[in-house]
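Data first, discussion second: the structure below is written as C-alpha cells.
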Amino acid sequence: MAGALVGGAFLSSFLNVLFDRMASPQVVAFFRGKKVNDSSLLQKLKTTMTSLRVVLDDAEEKEITSSAVRDWLAELKDAVYKADDFLDEIACEALRQELEAEDLTFTGQTQTLLSFINPLEILGLREIEEELKVILQDLDLLVEQTAALGLITRTGKEPSSPKTPRETSLVDEHSVYGRDDDKEAILKLLLSDDANGRSLGVVRIVGMGGVGKTTLAQIVYNNSEVQRCFNLKAWVCVSEDFSVSKLTKVILEEVGSKPDFESLNQLQIQLKERLREKKFLLVLDDVWEENYDEWHRLLKPLKSGAQGSKILVTTRHERVASVMPTVPTHHLKELTEDFCWSLFAEHAFGDENSIAHEELPKIGRAIAKKCKGLPLAAKSLGGLLCNERDVEEWRDILESNLWDLPKDNILPALRLSYHHLPSHLKQCFAYCAIFPKDYLFGKDELVLFWMAEGFLVHSAVDDEMEKAGAKCFDNLLSRSFFQQSIASPSSFVMHDLMHDLAIHVSGQFCFSSRLGENNSSKASRRTRHLSLVVVTGGGSSSTKLENIREAQLLRTFQTFPRHSDCPPEIYNEIFQLTLGRLRVLLLTGCSDAALKFCSSSKLKHLRYLDLSYTPFLFKLPEEVSALLNLQTLILTLCVHLGSLPDLQNLKQLRHLNLERTRIGRLPESLERLINLRYLNIKNTPLKEMPPHIGQLTKLQTLTDFVVGRQSETSLKELGKLQHLRGELHIGNLQNVVDARDAVEANLKGKKHLDKLRFTWDGDTHGPQHVTSTLEKLVPNRNVKDLQIDGYGGVRFPEWVGESSFSNIVSLKLSRCTNCTSLPPLGQLASLEDLSIEALDKVVTVGSEFYGNCTSMKKPFESLQTLSFSRDARVA
C-alpha cells in the first residue's frame with residue numbers, strides 16, 4: 001500500500017535524520033580533516049542506507065504476516081541506532097573542536113571547562129574506521145537478506161505531508177452518539193436512594209475496552225442534576241495500580257483536603273471526617289482489582305457520607321464488579337451501526353456534508369461497520385481520514401489485511417490507524433510506551449522529549465523544532481492517539497488500548513518495569529528507552545538490577561512517579577553499565593548518593609536533563625557546563641540551589657527552568673546562550689537580570705524581567721526581545737533611572753504577551769517619575785490579564801481602563817498607596833475578575849470608576865467577581 005495515507009515506514013524518518021547528519025558541514029569537515037579512507041567509508045554508509053530505505057515500505061507491509069521480516073526490521077532498527085550513535089559521536093567531537101577554536105579566537109586560550117571531556121574518549125582515526133566498518137558489515141548483511149525475504153522497492157505516490165488538522169476534527173468528548181438511554185439509566189441509579197437503605201450505594205458500568213465507559217461516566221459526572229444533588233464530587237482514575245493508601249490520598253485531594261498523614265489509619269480517619277454527613281459522588285474509573293479485602297478496606301471511610309452518596313465504578317471485568325455490594329450493573333454495549341457511522345462521519349468529515357462526496361459515505365459506512373461499535377475505533381479511523389478525499393485511499397483502508405489478523409489485545413482499527421501514520425508520527429507515538437498506564441503528560445513536556453531524541457530534526461529547520469513538535473502532538477490528538485485528561489484539562493493521557501498499541505509497536509526498544517513487584521520481564525540489548533515505576537516497599541535490589549542489566553545502549557532513563565525516591569544503586573547501574581548514549585535523563589527527587597553519578601563524562605550525547613525536586617542540590621556540578629548538546633535543563637524546586645556554573649558552552653540550550661530555586665544571580669555568560677527559547681525564573685530571589693539579556697533574541701518565554709540600575713540591565717534590553725509570548729512579570733521597577741527606557745521596552749509591539757504584571761518594591765524616585773514610567777509601559781491591546789503592584793503614582797495613566805483594551809479579562813491593582821481615585825475600569829468590556837487591594841488613600845468610589853459608559857453601554861458588562869481588600873494578598 002503505497003498511497004498517500006501511508007506516510008512511510010517507521011524507520012524512514014530515522015534514516016532521513018541520518019542522511020542529514022552525514023551531509024552536515026561538521027561531519028563532512030571532520031571526516032575530511034581526519035582523512036578517513038578519503039571519506040569513502042562515509043559514502044559507502046550513504047549508499048547502503050539508500051539500498052535499505054527503498055524496501056522499508058514493503059518490509060513494513062510484510063511484517064504484518066511474516067515473523068522473519070519482523071525480526072529483520074528489528075535488526076535493522078538496532079543497526080540504525082548504532083549508526084546514529086556513531087554519527088552523533090562525530091558531531092559531538094566536531095562541536096567540541098569548534099568551541100575550542102572559538103575560545104582561542106576570543107581569549108587566546110582553551111577553556112578549562114572543556115577539560116571535563118576526557119581526551120581518551122575522543123575517537124582517533126583508527127577507532128573511527130574500525131567502528132564504521134563494523135556498522136557497515138551489519139548493514140551489508142541486512143542488505144543481503146532483502147532478496148531472501150522477497151523485499152522489493154514499492155512505487156506509487158509519495159507520502160503526503162501531514163496537514164494541520166481542521167479544528168472540527170479535534171477530539172471532543174461531548175460529541176456522543178447512541179448513549180441517551182445509557183445516560184438516563186445511570187442517572188436514575190445515581191439519583192435514587194439505595195433500595196436496601198444503605199447510606200452508600202454503588203453503580204457499576206461494565207464493558208469492553210474502547211466502548212466508551214469513561215466518556216459515559218464523564219457525561220453523567222458533569223450533568224446539571226448530578227451537580228445539584230451531591231455536595232462533593234471526586235474523580236479518581238484507578239487503573240491497575242490499586243493501592244488503598246494511594247487511592248485514599250487521591251480521594252482526599254479530590255474533595256479539597258490535603259493529606260496530612262502517611263499511615264493508612266490516619267488517612268482514613270481524615271477522609272471519614274471530611275465526608276461525614278456529606279452527600280458525595282465518587283467516580284472510580286478503569287478498575288481492575290478483584291480482591292474483596294482490598295475493596296473492603298477502601299470502602300470503610302466512605303460509609304460516613306450522608307444518605308444517597310454514590311460510587312460510580314467503570315470496569316472491563318464482571319469479576320471486578322462482583323466483589324462490590326449488590327447493586328444492578330449497567331452493561332455498556334457497542335454502538336449500533338448507524339451511531340457508529342455517525343461518530344465516524346463527524347471525525348472524518350467535520351463540518352462538510354458527507355453527501356457531497358458521492359462514493360465516500362458508502363465506503364465509510366463499511367469501515368464503520370468493521371469498527372464493531374467501538375467509539376474509540378470509529379474516532380481513530382475517522383481522524384485518520386479527516387484530510388483525505390481520495391476514494392482509493394478510503395478503499396485501501398476498507399480492504400486492508402490488517403482487519404484479518406489473529407485476535408490479540410490490539411484492536412485492528414487502532415492498528416490500521418497507526419499503520420497509516422506518517423513515519424515521524426509513528427516514532428513520536430511509539431516513544432510514549434515509556435509512560436506508565438494513565439500517566440498524565442503535558443504537551444510541552446512530550447515535545448521536549450521528542451526534540452531530545454531527534455524525532456523533530458528532519459521535520460523542521462532548527463528554529464522551528466518546538467513548533468513542529470506541537471503540530472505532531474496536535475496531529476496525534478486529532479486522531480485520538482491522545483485524549484485530554486478529565487482530571488486535569490491542561491494534561492493529556494492515552495487510552496489503555498492506545499497504550500497497549502504503543503507497547504506493541506515499540507517492541508523491545510521501549511521497556512518499562514515496576515520496581516516493587518515480581519516481574520519476570522527484562523530489558524534487552526535492544527532496549528533504548530527505559531522507565532522504572534517505583535512502588536513503595538518493592539522487592540530486592542538484585543532483582544531490580546537484573547531486570548535492566550542488559551540495557552547498555554540506553555537513550556532514555558526516567559522514573560515514575562516523578563520525584564519518587566529511586567534506590568541509588570539503580571542510578572549507579574545506569575551510569576556504570578550504559579555505554580554513554582543517553583539523550584534524556586530524569587533524576588527528579590534523587591538522593592545525594594544518586595546525584596554523584598550525574599558528574600559523569602559519559603553524558604556527552606545528553607539533550608535533556610531534569611534534576612527538579614532534588615533537595616541535596618546546593619550547587620550544580622561544573623561538569624554540566626561540558627554537556628555541549630544539552631537542549632533542556634530543568635531545576636524546578638531545587639530549593640537549596642543557590643548558584644549556577646559558567647554556562648557559555650551550552651550553545652544548544654533552548655529551555656532553562658529555574659523556578660523556585662534560590663538563585664540570586666544568573667551568570668553573565670547567559671548572554672551567549674543564543675538558542676535559548678524558554679527561561680523560567682519564577683519565585684527566585686533574583687535581584688536583577690544579567691547584562692545584555694537582550695542578545696537572547698530567540699527567547700519566546702521569559703517569566704520575569706528584574707530591572708537593574710545599569711544600562712545593560714535596564715528596561716531597554718527588554719525591547720530587543722521581540723518574540724516574547726505568554727506571561728511576563730516586570731519587577732523592581734523602582735530601579736528605572738530613565739523613564740524613556742520604558743518606551744524602548746516596546747511592550748506595545750509584543751502582541752503575543754497576554755499576561756502582564758508590573759511590580760515596584762519601594763520608592764527610589766518621586767511619584768511623578770513613577771507615573772511617567774507606567775505611562776510608557778503601554779501593553780499591546782491583546783493583553784488579557786494585567787496586574788499593577790506597588791505603584792507609587794498619585795493617579796493612574798490614561799491607558800489603564802481605556803476601552804480599547806477590550807481583551808482584558810482579569811485585572812488586579814495592589815499596594816498603589818498614593819492613588820486617591822480609581823481608573824475608569826467600567827469601560828473594559830471583557831473584564832470578568834477585578835481585585836483591588838491596599839489602595840489606602842481611596843476613600844470613596846465615584847462615577848469615574850464607570851468611565852464614559854452610557855445607557856446604551858452599561859459599565860462592567862462582563863464582570864463576575866469584584867473584590868476590595870484593605871490588605872494585599874501574596875500572589
Side-chain angles (χ1 to χ4, degrees), residues 200 202 204 214 217 234-275 280 282-304 311-317 319-325 434-441 485-488 491 493-494 496 499 512-521 531-541 543-544 547 558-567 570 588-589 613:
L200 179 64
V202 179
R204 290 137 333 160
T214 298
W235 182 289
V236 179
C237 182
V238 181
S239 194
E240 297 172 24
D241 184 16
F242 192 96
S243 161
V244 175
S245 179
K246 178 181 174 183
L247 289 174
T248 304
K249 285 182 181 179
V250 175
I251 295 169
L252 269 169
E253 290 169 352
E254 283 286 308
V255 295
S257 294
K258 183 180 178 181
D260 295 329
F261 309 98
E262 286 300 321
S263 79
L264 178 60
N265 180 55
Q266 292 296 326
L267 285 170
Q268 292 205 320
I269 290 172
Q270 185 183 354
L271 180 59
K272 181 179 180 179
E273 291 306 313
R274 179 71 179 96
L275 298 180
F280 68 85
L282 169 63
V283 176
L284 298 176
D285 184 40
D286 192 23
V287 180
W288 294 69
E289 180 61 52
E290 300 179 10
N291 186 291
Y292 179 85
D293 291 334
E294 290 295 287
W295 272 107
H296 183 67
R297 289 168 68 205
L298 178 66
L299 293 176
K300 276 182 182 178
L302 303 179
K303 295 176 180 178
S304 67
I311 300 174
L312 178 61
V313 177
T314 71
T315 180
R316 295 189 199 182
H317 302 296
R319 227 184 257 178
V320 169
S322 68
V323 302
M324 303 292 291
I434 200 169
F435 296 142
K437 275 193 176 180
D438 298 312
Y439 173 71
L440 298 185
F441 53 88
S485 165
I486 298 166
S488 174
S491 298
V493 69
M494 284 193 293
D496 280 0
H499 189 269
S512 182
S513 178
R514 298 177 67 83
L515 284 182
E517 297 176 357
N518 293 324
N519 195 339
S520 59
S521 61
S531 68
L532 299 178
V533 181
V534 180
V535 180
T536 307
S540 69
S541 297
T543 304
K544 300 168 189 174
N547 287 350
Q558 301 191 31
T559 58
F560 299 94
R562 300 294 191 224
H563 331 308
S564 57
D565 190 12
C566 186
I570 297 292
T588 56
Y613 292 83

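No experiment lies behind these values; they were computed from the predicted model shown.
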What heavy-atom pair brings Ile434 and Phe560 nearest, and what distance separates the two atoms? O-CE1, 3.6 Å
If we only count heavy atoms from C-beta on, is the Asp438 to Asp285 side-chain gap below 4.5 Å? no
What distance do Leu264 atom CG and Ser243 atom OG have between them, rounded to the nearest 0.5 Å? 8.5 Å
Side chain of Ser512, backbone of Pro436: donor and acceptor closer than 3.5 Å? no
Quick one: CG on Leu282 to CD1 on Ile251, what's the gap to the nearest 0.5 Å? 5.0 Å
Answer yes or no: is there a donor N or O on one side and an acceptor on the other, between the side chain of Ser513 and the main chain of Leu532, under 3.5 Å? no
Tell me every residue that passes side-chain hydrogen bond (donor to acceptor under 3.5 Å, both in side chains) with Arg316, counting only those two or more places apart in sequence or in another chain. none
Contact summary for Pro301 and Leu275, nearest pair of heavy atoms: O-CD1, 4.2 Å
Can you list the steps and then say if Val238 with Asp286 is a side chain to side chain contact (heavy atoms under 4.5 Å, CB included)? CA-CA 6 Å; Val238 181; Asp286 192 23; 5.9 Å; no
Say you draw a straight line from CD of Gln268 to OG of Ser263; how long is it, rounded to the nearest 0.5 Å? 9.5 Å
Closest non-hydrogen atom pair, Val236 against Glu254: CG2-CG, 4.3 Å
Would you check, one step at a time, whether the test side chain to side chain contact (heavy atoms under 4.5 Å, CB included) holds for Trp295 with Val287? CA-CA 11 Å; Trp295 272 107; Val287 180; 3.2 Å; yes
Mind checking ring-ring contact (aromatic ring centres under 6.0 Å, His included) for Phe441 and listing every partner two or more places apart, or none if nothing turns up? Phe435, Phe482
Between Arg297 and Val244, is there a donor-acceptor pair closer than 3.5 Å when you use the side chain of the first and the backbone of the second? no
Nearest heavy-atom neighbours spanning Ser485 and Val493: CA-CG1, 4.5 Å
Okay, side chain of Gln270, backbone of Lys258: is any donor-acceptor separation there less than 3.5 Å? yes
Contact between Lys437 and Asp496 at the side-chain level, heavy atoms closer than 4.5 Å - yes or no? yes
Would you say the side chain of Leu271 lies within less than 4.5 Å of the side chain of Leu302, judging by non-hydrogen atoms? yes
Shortest non-hydrogen contact from Arg274 to Ser257? CD-OG, 3.0 Å
Could you grab the distance from atom OG of Ser491 to atom OH of Tyr439, nearest 0.5 Å is fine? 8.5 Å
